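As structure tokens, the structure follows; a few thoughts come after it.
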Amino acid sequence: ITARNADTGESFDIEVADGLRLNEVNPEWLDSVPYLLEHAREGEPWARKAIAECYRYGKGGLKQSVFNALFYYESAGIGSKDLFEESLDTTRIDPFPLAIDMVGDLDRGDNEKVLHDIDNLNSMGYHSADILREIIEGRKTFSSFDETIDYAVAENTDPDAALYAFGYYMDHHPQTKIDSEKEARFYPVMKKVPGLLMVLGEKRYSETLEPVASGESDASEERNATEDEAKRRKAVEYLLKADEYGLLSPAGARIIDHYLTNDPTSDWLRLSDADLARIRRLASLPG
């Protein structure tokens with residue numbers, strides 16, 4: 001196996017016995033995020049799991065993030081049930097399971113329990129949820145979408161705090177419509193939590209494949225076709241960005257292949273032969 005030094009870029013070979021997984025050899029190697037990303041982009045579960053661990057425990061130069069860890073675990077085929085069972089078997093101080101529980105308490109509107117959860121998370125050194133305390137106690141008010149986004153995209157707002165604030169606002173303002181302008185403003189948050197690029201890219205592309213409602217005028221159909229063209233391009237841009245983070249799913253890879261094969265406006269997209277072959281492998285397509 002060829003590994004790369006993240007600081008110098010030099011490569012070196014590792015001999016691994018037959019049947020032995022890399023992450024059973026030396027955990028220190030798993031902190032080399034650029035090396036892990038190369039393998040994550042190939043869809044290798046061990047690499048995606050290793051990046052999830054880096055986010056979970058704040059290793060490899062990555063800031064601790066429950067949400068980023070969850071996306072990478074999911075992309076490695078590890079579900080939340082498995083994660084909770086695993087967390088019961090460890091004595092390591094780990095805010096991960098408690099933060100997930102707190103989100104459930106938040107969804108149930110149990111603010112007293114949420115505040116108790118935040119106290120416990122603080123004792124573990126996890127302070128991303130502190131913004132929820134400020135909101136619940138009325139010390140921080142987000143009165144508009146723009147105000148919420150200003151907080152979420154700020155450089156000193158970490159990924160989890162950004163999603164806590166944005167999620168809280170959207171839950172309490174369900175009438176908010178995310179148009180293309182709002183989505184563009186949300187893009188920096190998606191780069192903080194790149195799993196969102198994958199989710200939104202798949203969603204936006206699927207929306208363009210829905211049949212046009214019957215009874216619409218020719219002008220309306222033409223407008224919809226133009227809007228769908230722009231939406232498909234944006235969706236693919238999201239998926240390609242998710243791919244840079246090693247999070248392209250098989251469904252996302254199939255979307256890119258579908259776009260290149262079926263959309264005549266896809267000629268802007270230039271991929272190398274190696275990337276095309278890799279994406280088709282991720283999509284489980286021949287050749």
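Computed from a predicted structure; not experimentally measured. Just the heavy atoms: all of them, side chains too, but no hydrogens, waters or symmetry mates, feed the values below.
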Determine, stepwise, if the pair Glu207 / Lys203 fulfils salt bridge (charged side-chain N to carboxylate O under 4.0 Å, His left out). CA-CA 6 Å; Glu207 289 171 350; Lys203 182 177 185 296; 2.7 Å; yes
Walk me through whether Val66 and Val103 qualify under side chain to side chain contact (heavy atoms under 4.5 Å, CB included). CA-CA 11 Å; Val66 168; Val103 172; over 6 Å; no
Trace of the salt bridge (charged side-chain N to carboxylate O under 4.0 Å, His left out) decision for Arg278 with Asp275: CA-CA 5 Å; Arg278 179 179 57 80; Asp275 276 336; 3.1 Å; yes
Which is it for His258 and Arg254 under the side chain to side chain contact (heavy atoms under 4.5 Å, CB included) test, yes or no, and what are the steps along the way? CA-CA 6 Å; His258 181 275; Arg254 287 191 289 272; over 6 Å; no
Applying side chain to side chain contact (heavy atoms under 4.5 Å, CB included) to Asn122 and His127, what does each step give before you reach the verdict? CA-CA 6 Å; Asn122 285 169; His127 294 279; 3.1 Å; yes
Given Asp263 and Val236, is the side chain to side chain contact (heavy atoms under 4.5 Å, CB included) satisfied, shown in steps? CA-CA 12 Å; Asp263 195 318; Val236 170; over 6 Å; no
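How far OG1 of Thr208 is from NZ of Lys234: 14.5 Å, rounded to the nearest 0.5 Å. Here the CG atom belonging to Asp101 is positioned 7.0 Å from the CG atom belonging to Asp117, to the nearest 0.5 angstrom. Expressed to the nearest 0.5 Å, how far CG of Asn262 lies from CG of Asp257 amounts to 8.0 Å. Atoms CG and CZ, from Leu36 and Arg41 in turn, are 14.0 Å apart once rounded to the nearest 0.5 Å. The CG atom of Leu271 sits 12.0 Å away from the CZ atom of Arg280 when rounded to the nearest 0.5 Å. Note: Ile51 CD1 to Tyr35 OH = 11.5 Å, rounded to the nearest 0.5 Å.
In this structure, the side chain of Arg281 does not engage the main chain of Glu42 through any donor-acceptor pair within 3.5 Å. Under the 3.5 Å distance criterion, the side-chain polar atoms of Arg270 are matched with a main-chain donor or acceptor of Asp267. Between the Thr157 side chain and the Ala162 main chain, no donor and acceptor come within less than 3.5 Å of each other.
With sequence neighbours excluded, the residues forming a side-chain contact (heavy atoms from CB on, under 4.5 Å) with Ser144 are Asp146, Glu147, listed by chain and number. Scanning for salt bridge (Lys or Arg N to Asp or Glu O under 4.0 Å) contacts around Asp105 gives Arg108, Lys113, with sequence neighbours left out.
Sorted by first and then second residue, the side chain to side chain donor-acceptor pair (under 3.5 Å) pairs with a member in residues 162-179 read Tyr126-Tyr164; sequence neighbours excluded.
In Glu137, the CD atom is crowded: over 12 heavy atoms of neighbouring residues, nucleotides or ligands sit closer than 6.0 Å. The environment of Glu74 atom CD is sparse: at most 12 non-hydrogen atoms of other residues, nucleotides or ligands sit within 6.0 angstrom. Other residues, nucleotides and ligands place more than 12 heavy atoms under 6.0 Å from the NZ atom of Lys182.
Residues Ala69 and Arg56 come closest through the heavy atom pair CB-N, 3.9 Å. Minimum interatomic distance between Ala154 and Lys192 (heavy atoms only, all atoms of both residues): O-NZ, 2.8 Å. Counting all heavy atoms, side chain and backbone alike, Glu202 lies closest to Ser249 at OE2-OG, 2.6 Å. Here the closest non-hydrogen pair linking Leu115 and Arg133 is O-NH2, 3.4 Å. Between Leu121 and Met102, the shortest heavy-atom contact is CD1-SD, 3.8 Å. In this structure, Ala165 and Thr148 approach most closely via the heavy-atom pair O-CG2, 3.8 Å.
Relative ring orientation between Phe145 and Phe166 is described as perpendicular, the plane-to-plane angle rising above 60° on a 0-90° scale split at 30° and 60°. Ring pair Tyr55/Tyr72 is parallel by interplanar angle, where below 30° counts as parallel and above 60° as perpendicular.
Salt-bridge annotation for Arg233 and Glu229: absent, with no side-chain N of the basic residue lying under 4.0 Å from a carboxylate O of the acidic one.
The shortest distance between side-chain heavy atoms of Leu239 and Met198 falls below 4.5 Å. Looking at Ile131 and Phe142, their side chains come closer than 4.5 Å, going by heavy atoms from C-beta outward. Taking the side chain as every heavy atom from C-beta outward, His116 and Asp110 never approach each other to under 4.5 Å. A heavy-atom distance below 4.5 Å is found between the side chains of Tyr187 and Lys241. In this structure the side chain of Asn68 reaches within 4.5 angstrom of the side chain of Pro194, judged on heavy atoms. Side-chain contact between Leu196 and Leu163 is present, with heavy atoms from C-beta onward closer than 4.5 Å. The shortest distance between side-chain heavy atoms of Ile256 and Leu248 falls below 4.5 Å. Looking at heavy atoms from C-beta onward, Leu247 lies out of side-chain contact with Leu197 at the 4.5 angstrom threshold.
Under the 3.5 Å distance criterion, with hydrogens and angles disregarded, a donor-acceptor pair is assigned to the side chains of Glu183 and Tyr238.
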